[in-house]
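Worksheet for the structure shown next.
In this text, all values refer to a predicted model and were calculated from it rather than measured experimentally. Position 1 is the first residue of the sequence, and the numbers go up from there. FYI, side chains are in, hydrogens and waters are out, and symmetry mates aren't considered; it's all heavy atoms of this structure. For ligands, and for the atoms within them, numbers begin at 1 and follow the listed sequence.
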Amino acid sequence: MVEGKGIKEIGWNLDNSYARLPEKFFTIVDPNPVPSPKMVIINDSLAASLGLSVDMLRSSDGIAMLSGNQMPEGALPLAQAYAGHQFGYFTMLGDGRAMLLGEQITPENQRFDIQLKGSGRTPYSRGGDGKAALGPMLREYIISEAMDALGIPTTRSLAVVTTGETIIRETELPGAIMTRVAASHLRVGTFQYASRWCTVEELKALADYTLDRHFPEAKSSENPYVSLLKKVVKGQAKLIAKWQLVGFIHGVMNTDNMAISGETIDYGPCAFMDTYDPATVFSSIDAQGRYAYGNQPAMAGWNLARFAETLLPLLHHNQEEALKIAQDAVSEFAELYHSHWITGMRAKLGIFNEELQDKALIEDLLNIMKKYGADYTNTFRGLTLGNFQDVTLFGTSEFSKWHELWKARLTRQEHSEESFYELMRNSNPAVIPRNHRVEEALEAAVIKGDYTVMERLLKVISKPYDHSTKQIEYCTLPEISKRPYRTFCGT
Ligand code: AMP
Ligand code: MG
């Protein structure tokens, strides 16, 4: 392992707590040198919050580290073992093209995984080459940054470097490595792996590690593992409600892509819904619509049931009791989710207080949006700005009727008109990374080497709730010819 000059000045402060888990949970891997790494994008503000010097990361030493050619001081590169239900089928997986360098302890004393994605083969690669193509890595960078700006828990992207290699997919593509920053990479699939291939002691070590890392307050509860389950259920209920409220479709909600931390993880064929329709699927590999927009809450519930099953030996010494505890905890998901969703929907409509008929008011709007094929984001943006020109839905008699009911509803609360429009402005993004804009940015970057289109897009989506005039061109819909949109798995 080569350690270059100037490493200390970068600001690395790495710990390797994951490597202190029982060794079945990971494999130490060798870095896989790449021929000529070049930085194409770096996240200045994220670097600063991690305590890393952007200038040093941009230096040849920094780029060497972000490409796996040099290891930062304190790094212990490893590939994590995990399993997962992929489209309902259980498989052994593991990091087949990623390596965890360690956990950066920030100046604020927070701990974040630093992972290189696309960094070469590992013992878990199966038939894969361990590499990643530039387009999908930039796509993850854009969408995860957009999610963060929208206030949705997510892993983030520190940088993307090209490797100088050509990788073979359907065509030849430039190779790239993304540095992913995450609260952790513990997944439902990590617990499935432990449950299937490890001893109960090892499973307990994983659960204790997770409690220490994410839910230390739960360790003093009567049964910390029951608390762990409940906390994960709560986190997912909150997360999935946030996805639904902005129209985010993950695309591959396999159990290996559900993080225990409650962050959105693994951006493959994800996309934001344009025309409102619960059946919307963008991913080319989801022919059955398992992970369609409207199915996401149910699929999260399904994944949480798989998580709960893995914890059974820790929930109670009597397995019948354990099963009951697990079922009760998982069954709370639906109600928790609904409560976050309806609170969020009320906010999108400027409603602070609760009335029993709110659900019907919301559903009526969604139904006419579906009937008229209204754009999800622009409908709520129009309502927020009181701009009823752009969306055809607004010209219909059904909408006029609904509009009267809504206006009457808004008056049945103590807040001023100013405060409910402010609530709406803060709850309805003006801009999302629209599919045609993302494609345009990727095409310019990957084919022409022009990163300015992507940089402009990143700037606009970094302030989704600004509702400024500068954003207007990013609110327009694609030409009909660019729809329906299809996304492909990021491999
Ligand atoms: P994903 O669809 O990104 O969640 O990946 C599912 C599994 O396939 C994970 O175990 C990945 O590490 C693995 N994988 C994806 N792409 C590759 C690749 N090019 N080489 C090796 N493993 C891969
Ligand atoms: Mg995955």
Name of whichever N/O/S atom of D266 is nearest to the Mg ion (ligand 2)
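Atom name of the closest N, O or S in D266: OD2.
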
Compare D95, T122, D129 and give the one whose heavy atom is closest to atom 19 (N) of ligand 1.
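When every heavy atom of D95, T122, D129 is considered, D129 comes closest to atom 19 (N) of ligand 1.
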
If hydrogens are left out, which of G94, G120, A132 has an atom nearest to atom 9 (C) of ligand 1, that is, the closest non-hydrogen atom?
G94

Side-chain donor-acceptor pair under 3.5 Å between [X] and [Y], yes or no?
| X | Y | value |
| --- | --- | --- |
| Y82 | T255 | no |
| Y291 | S283 | no |
| D15 | S17 | no |
| T275 | Y376 | no |
| T179 | Q115 | no |
| S195 | E309 | no |
| S184 | H214 | yes |

Number the atoms of ligand 1 from 1 as they appear, then name those within less than 4.0 Å of a heavy atom of [X], with their elements.
| X | answer |
| --- | --- |
| R169 | 19 (N) |
| N257 | 4 (O) |
| G128 | 20 (N), 21 (C) |
| K131 | 19 (N) |
| G130 | 18 (C), 19 (N), 20 (N), 21 (C) |
| D256 | 4 (O) |

Does L93 reach ligand 1 with a nitrogen or oxygen that is under 3.5 Å from one of the ligand's nitrogen or oxygen atoms?
no

Quick check: Q86 and ligand 1, any N/O pair under 3.5 Å apart?
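No, Q86 has no N/O under 3.5 Å of an N/O on ligand 1.
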
Is R486 positioned over the aromatic face of F282, cation under 6.0 angstrom from the ring centre and no more than 45 degrees off axis?
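That pair does not qualify as a cation-pi contact.
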
Honestly, is K231 close enough over F215, meaning NZ or CZ under 6.0 Å from the six-membered ring centre and within 45° of the axis?
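Here K231 fails the 6.0 Å and 45° test against F215.
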
Tell me the contacting part of Y124 for ligand 1: side chain, backbone, both, or neither, using a 4.0 Å heavy-atom threshold, strictly below.
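Answer for Y124: neither.
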
R126 and ligand 1 - part of the residue with a heavy-atom distance under 4.0 Å:
side chain

Shortest non-hydrogen contact from A445 to L138?
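So the two residues come closest at CB-CD1, 3.7 Å.
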
Does any N, O or S atom in N257 come within less than 2.8 Å of the Mg ion (ligand 2)?
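Yes.
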
Please determine whether any non-hydrogen atom of G268 lies less than 4.0 Å from an atom of ligand 1.
no

